[in-house]
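Comments concern the structure below.
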2 protein chains.
Amino acid sequence: MKEVTLKQIAENLGISITTVSKALKDYKDVSKATKAAVKAEAKRLNFTPNAFAVNLRTKESKTVGLIIPEVVHHFFSSVINGIIDKAEKNGYLVIILQSNESYELEKKQIDLLISKRVDGIMISMANTTVEVDHLNHIRDLNIPLVMFDKISKLVPCSKVVINDRAAAYSATKHLIDSGCRRIAHFRGALLPQNSIDRFLGYKKAIEDHGLVFDPELIYICENVDYDDGRSAAQKLIKDGHKIDGLFAITDMAAAGAINVFKEHNIAVPQEISVMGFSNWFLSQAITPALSTVDQPGYEMGKKSFKLLHKEMRAKREDREFLPVTKVLETKIIKRESTN
Amino acid sequence: MKEVTLKQIAENLGISITTVSKALKDYKDVSKATKAAVKAEAKRLNFTPNAFAVNLRTKESKTVGLIIPEVVHHFFSSVINGIIDKAEKNGYLVIILQSNESYELEKKQIDLLISKRVDGIMISMANTTVEVDHLNHIRDLNIPLVMFDKISKLVPCSKVVINDRAAAYSATKHLIDSGCRRIAHFRGALLPQNSIDRFLGYKKAIEDHGLVFDPELIYICENVDYDDGRSAAQKLIKDGHKIDGLFAITDMAAAGAINVFKEHNIAVPQEISVMGFSNWFLSQAITPALSTVDQPGYEMGKKSFKLLHKEMRAKREDREFLPVTKVLETKIIKRESTN
DNA sequence: TCCATACCCGAAATCGTTTTCGGTATTCGT
DNA sequence: ACGAATACCGAAAACGATTTCGGGTATGGA
């Protein structure tokens, strides 16, 4: 059960290690005959080059790192999917790490990836991350870096995002266009940029269309999940606000709200129209099916790796690379929860 | 922007590479003074050992591979979560690859992981995989292997599963206990073992409780998703079968069926009770909330890595390791779709 | 004074591959 | 038949860390 190495093959064939190596890589200074013999023997012994040795020499690991807040999340798992697909096609492996929305862990994970000498890193920031020194450190080490979804303007690197503000604007506009005049918003926590942006998009749409922005109609869903949606909706009803539209920051929160409305015999969309955000598969399964904003996770993953790949290639060939920011299109998916 | 190596530190301090290496690893034949100096310098220069060089010597990569059919799947992403958490705590990194339910790809991915010299492999088989030579090959190379969820009895390795048959039995029994007498089953494709097992569990429960098994009440949901659930339910209604219970192979299929029932003004659970399987977050968000079987993905992930870790340790210490099979508990979650 | 015993340190081999650089042997042109 | 071009091969030096095996110095005891 010995490892099979170049040396092994060389001895079997009575030639040098050098020649074996070159034969396998189709160097032109090896005769056809030797090449054939080497390749045959390599196949026979089931030779696979020792990746460590190769990496040690070439300084390339053909491995990239990915850090996301959490894996169990429809959006992020779509992103992962896109990244893995694209990476694999280009001969790269993906190491996935979670930050669990923790700044400290995020730092640790980055160090881990660096110590593993990954060829590049893709990251979506944790909500609690405010400092970005650890990210700039990646750049300092000249390691290609791409940020997606949750990014920071303070890090000069390639980015792939959606325009949260514009998307939220469209979503709100869709509610207004369908006749809503008093629209509540369930927003996320105060810090995360996308939470802020979606709120701002909502606000701007309200103001642009001659409606009044009422801070009382803004409720915070800390974890943007189903239960948060329920609580917010209950509070909204208890507060006695009469609304005819709701824009929730996620589909889960929207689903929670809809269920509370049902419990109070409030018809959706007849009395209240509801918009979600993300287009998780959940949104088509609930009743009424949820109108929402499609957030292209798979595309984002693909695009992120593409940019990273470009940068890694540039680095290898010692070319200059200028970071680019790619804004992906979102689109309104109209289902039954809006008119 | 030079890489900082042991050599670098050695030169700066005017000592040998050997001593630096030993100082960093707290060998006892290095004086306290030198150790301190070395560590200080290492920290100052931000030294991280070159993983490739280390691996090349030690033959350990501290990396494990994970192959699953698809990432975008609530169950599998839970498993991933469990694995990553546990792996990280033990200093291991996880490389995730998808088989996309394809046998060919699965083989390719395994070769990839082997060539990367991962310390161990965890896998949930693709539906289309029938041959298991590629899996036994892993064993032949003496690489620790753990199979979970979708396993093969033909591979002698550790396994983590749930008892699909028993779980399906309980689910069906739950329907029977709540008064159902004519229960349909939406099953998965014919090949996958879990599809077979759940069907058998359903059948046995029917027969054990004095009901008659009617093959006409079995419908196949090839992709076990929402749309499949809808189609099957539509066909069921068109076929004119009068049923009072339905056990669907997944929550998604159950959700699809429920929506079709709603469209036909069939009350759930008053006229038809519905059981799903898996307890995805979807199941609490639909109306009526779905009764289902909780499938402990996170636990399965944790347990899988645990077993792998045990086997890797045994290998390192050259101890014997006997494969074990761990069957995880499932439990019935009663919500509103059953009485 | 001499030897034994700690106590520190370093030279060198090793892991498996890549790549440079030079050395034969063969072929070709004239 | 002779010099030059061509084809083919291999020795050896990397890459960066780990580890074995000794060797040197100081200290202690006799």
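Just so we're on the same page: letters track the sequence lines, and every chain starts at 1.
- Within the 3.5 Å criterion, the main-chain N or O of B:S77 finds no donor-acceptor partner in the side chain of B:N81.
- B:S21 comes within contact range of at least one nucleobase, with a heavy-atom separation under 4.0 Å.
- Taking side-chain N and O atoms only, B:T58 has no distance below 4.0 Å to OP1 or OP2 of C:dC15.
- Taking 4.0 angstrom as the limit, B:T18 places none of its side-chain polar atoms (N or O) nearer than this to OP1 or OP2 of C:dC9.
- A donor-acceptor pair under 3.5 Å is formed between the side chain of B:T63 and the backbone N or O of B:S61.
- Between the side chain of A:T58 and the main chain of A:V54, a donor-acceptor pair closer than 3.5 Å is present.
- With rounding to whole Å, A:I15 atom CD1 is found 11 Å from D:dC8 atom C1'.
- Nucleotide D:dG16 holds its C1' atom 8 Å from the CZ atom of B:F47, rounded to whole Å.
- Rounded to an integer number of Å, the gap from B:Y27 OH to D:dC21 P is 13 Å.
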Restricting to nitrogen or oxygen on both sides, can you table the protein-nucleotides 5-7 of chain C pairs closer than 3.5 Å?
none

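- Of the two residues contacting DNA chain C, namely B:T19 and B:A53, the nearest-nucleotide position lying further toward the 5' end is that of B:T19.
- Partners of B:E101 under the salt bridge (charged side-chain N to carboxylate O under 4.0 Å, His left out) rule, at least two apart in sequence or in another chain, are B:K150.
- Counting only Watson-Crick or G-U wobble pairs whose defining distances are both under 3.5 Å, the stems of 3 or more consecutive pairs in DNA chain C are C:1-30 with D:1-30.
- Rounded to whole angstrom, the span from the CD1 atom of A:I17 across to the P atom of C:dG16 amounts to 10 Å.
- Note on B:S16: a side-chain N or O is less than 4.0 Å away from OP1 or OP2 of C:dG10.
- Ring geometry, B:F75 versus B:H73: the interplanar angle exceeds 60°, so the pair is classed perpendicular (tilted spans 30 to 60°).
- For a distance-only test at 3.5 Å, the side chain of B:K59 fails to qualify as a donor-acceptor partner of the base of C:dG16.
- Between the side chains of B:T19 and B:S16, at least one donor-acceptor pair of N or O atoms lies under 3.5 Å.
- When the P atom of D:dG10 is taken as reference, atom NZ of A:K7 falls 16 Å away, rounded to whole Å.
- Computed from coordinates, the B:R57 CZ to C:dT17 P distance equals 16 Å when rounded to whole Å.
- Remark: the backbone N or O of B:L307 is not paired with any side-chain donor or acceptor of B:S158 at under 3.5 angstrom.
- With hydrogens and angles disregarded, no donor-acceptor distance shorter than 3.5 Å links the side chain of A:E41 to the backbone of A:N12.
- As a whole-Å value, the separation of A:E60 CD from D:dC15 P is 17 Å.
- Atom CG of A:L56 is separated from atom C1' of C:dT14 by 12 Å (rounded to the nearest Å).
- Formation of a donor-acceptor pair under 3.5 Å by the B:N50 side chain with backbone atoms of B:F52 is found in this model.
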